[in-house]
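See structure below.
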Amino acid sequence: MVHQQKVALAGAAHLELVSGVVQLRPEDAMFDAMLRGWRAQQKSRGLKDETIDPRERLVRRFLEFANDYPWQWTPAHMDEWSASLTGEKHLAPSTIRSYQGEIRLFTEFLIDGRYGWGTACEEAFGTHPVAISHEWNTLPHLQDYEGDPEARPFTREELQRFLDYADDQVDRAVKSKRKGALAAYRDATLFKVIYGWGLRRTETSKLDVVDFGRNPKARQFGRYGTLNVRYGKAKKGQPPRRRNVLSVMDWAVEAVADYVENVRPRFGFPDHPALWITERGGRLQPSSINDRFEAYRDALKLPKDLVPHSIRHSYVTHLTENEVDRRFIQQQVGHECDSSTAIYTHVSDDFMNTALSKALAPAFAGV
């Protein structure tokens, strides 16, 4: 008989199970050991607690839903759970796919022979974990962007009204000498920066003053020729992705330069690194950006389907209408695939008609 040598892989069953100890609740003890092993395996791959903890909570929720232990799970459990996420909880397809993927990762860990969990379950319970996620009971990833289909960019007229209104709030606060003028100026500039560099809300909130730099090919922008986005949207289990965004709108550069040099110092926290600071010396949070945005949007009676992310959509759409190279736009906003940039783009009817005319012109030449 050939005996398989136990390999000391992080997360292996023989490292997590205590031999010779009689458990009062052996099923619960096995499940807890599995989660410890999975955590150890993920830690060995460099994943952080903020990634691992939500995964563990999701597995516990799946256990509660299935009312069975992992060595008893079948594809039918996944079918029923997925149906409940869709029909009862009404979650977005991207969220459901993410949940399915994390349960799949857990079960793939359990059925991997190198870790020994199948053997341990066979010895303890006479059965073993099996694969429960298959192409027929999980959602396929058809495209990179699956946001709300009603989400849309601002039209140029709507965006102009929104930014003008933000500026008006600064003027009103200054004239009435009421508290909040600095915050209003900060937020008016913030919305211009979201649009001027095509940023996400969280990316914007985490900007520091030093993130702006010079672009030798655009000296007219001075120290604001490029923006180093250090907290771009991360892939699952990976750190935030960095990207450099080139400045392309001179009026946006003028706005942020004026804020940094003339307004931000008046908050009184010269050593704070954040670009957007609060009156108490903290970093402005994404929720505060949302609150200010919604207040301005609702005051203008603009559609509710306009959200802070709509400003980023507008950046892509308006650059496209200005006939900026598509690949350049894709790099600016940090999309790996052109399909994401395409879905972000909602060009106007006038642009479509002009583009169509240009496309058809060669075909009708000489007619």
Side-chain angles (χ1 to χ4, degrees), residues 9-17 25-148 233-239:
L9 286 176
H14 72 275
L15 297 178
E16 302 297 334
L17 295 171
R25 298 180 61 85
E27 294 87 356
D28 290 342
M30 179 68 77
F31 177 63
D32 289 341
M34 287 174 166
L35 286 180
R36 288 197 306 272
W38 194 37
R39 174 176 289 271
Q41 184 246 23
Q42 293 177 91
K43 284 280 191 181
S44 71
R45 293 164 44 212
L47 300 186
K48 297 183 179 180
D49 288 338
E50 51 262 39
T51 297
I52 300 172
D53 291 344
R55 288 179 173 180
E56 182 175 319
R57 290 194 293 270
L58 182 67
V59 170
R60 290 187 181 277
R61 293 206 303 270
F62 186 84
L63 176 82
E64 183 178 352
F65 177 89
N67 199 29
D68 279 316
Y69 290 97
W71 50 92
Q72 299 167 320
W73 291 348
T74 69
H77 287 109
M78 178 62 80
D79 292 345
E80 294 168 4
W81 184 61
S82 299
S84 74
L85 296 179
T86 302
E88 298 175 14
K89 297 186 179 298
H90 307 291
L91 299 182
S94 56
T95 302
I96 295 173
R97 181 182 304 103
S98 174
Y99 286 178
Q100 291 171 337
E102 290 174 1
I103 298 299
R104 187 192 70 246
L105 289 174
F106 178 63
T107 56
E108 287 179 347
F109 162 71
L110 296 181
I111 65 179
D112 189 327
R114 296 172 297 173
Y115 296 97
W117 290 104
T119 301
C121 290
E122 282 281 5
E123 293 174 354
F125 310 114
T127 186
H128 56 82
V130 299
I132 66 171
S133 301
H134 303 282
E135 61 181 12
W136 64 82
N137 67 355
T138 56
L139 294 178
H141 195 163
L142 299 179
Q143 58 192 31
D144 289 332
Y145 175 77
E146 293 182 315
D148 185 346
K233 186 176 181 180
K235 290 185 176 181
K236 280 287 185 181
Q238 296 184 8

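The figures here come from the full heavy-atom set of this structure, side chains too, leaving out hydrogens, waters and symmetry mates.
- Here the CZ atom belonging to Phe65 is positioned 9.0 Å from the CH2 atom belonging to Trp81, to the nearest 0.5 angstrom.
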Atom pairs and distances, donor-acceptor, side-chain atoms in residues 57-64, under 3.5 Å, two or more places apart:
none

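- Residues Ala13 and Ala120 share a closest heavy-atom pair of CB-CB, 4.2 Å.
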Intermediate values then yes/no, side-chain contact (heavy atoms from CB on, under 4.5 Å), Gln100 and Ser133:
CA-CA 7 Å; Gln100 291 171 337; Ser133 301; 5.6 Å; no
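- Within the 4.5 Å cutoff, the side chain of Phe106 has heavy atoms near those of the Pro70 side chain.
- Annotation: the span from Lys89 atom NZ to Ser84 atom OG amounts to 6.5 Å, rounded to 0.5 Å.
- Here the side chain of Thr95 pairs no donor or acceptor atom with the backbone of Leu91 at under 3.5 angstrom.
- Looking at residues two or more places apart in sequence or on another chain, you find no side-chain hydrogen bond (donor to acceptor under 3.5 Å, both in side chains) involving Tyr99.
- Ring geometry for Tyr115 against Phe109 counts as tilted: the plane angle lies between 30° and 60°, on a 0 to 90° scale.
- For Asp79, there are no salt bridge (Lys or Arg N to Asp or Glu O under 4.0 Å) partners, not counting sequence neighbours.
- Residues Met78 and Ile103 have side chains in contact (heavy-atom distance under 4.5 Å, counting atoms from C-beta outward).
- If you take OG1 on Thr119 and NE2 on His128, they are separated by 9.5 Å, rounding to the nearest 0.5 Å.
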Less than 3.5 Å apart, which donor and acceptor atoms pair up between the side chains of residues 33-46 and the rest of the protein, not counting sequence neighbours?
from	atom 1	to	atom 2	distance (Å)
Arg36	NE	Glu16	OE1	3.4
Arg36	NH2	Glu16	O	3.0
Arg39	NH1	Asp49	OD1	3.2
Arg39	NH1	Asp53	OD1	3.4
Arg39	NH2	Asp53	OD1	2.4
Arg39	NH2	Glu56	OE1	3.3
Gln42	OE1	Arg55	NH1	2.7
Gln42	NE2	Trp38	O	3.3
Lys43	NZ	Asp49	OD1	2.6
Ser44	OG	Gln41	O	2.6

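- Residues Leu9 and Leu15 approach most closely at O-CD1, 3.2 Å, considering heavy atoms.
- Atom OG1 of residue Thr107 and atom CD of residue Glu102 lie 12.0 Å apart, to the nearest 0.5 angstrom.
- Residues that satisfy the side chain to side chain contact (heavy atoms under 4.5 Å, CB included) test with Gln72, not counting sequence neighbours, are Asp68, Tyr69.
- In this structure Glu27 satisfies the salt bridge (Lys or Arg N to Asp or Glu O under 4.0 Å) test with no other residue, sequence neighbours excluded.
- Met30 CE to Cys121 SG: the interatomic distance, rounded to the nearest 0.5 Å, is 4.5 Å.
- Going from atom NE2 of His77 over to atom CD1 of Ile132 covers 8.5 Å, rounded to the nearest 0.5 Å.
- A donor-acceptor distance shorter than 3.5 angstrom exists from the side chain of Thr138 to the backbone of His134, with no hydrogens or angles considered.
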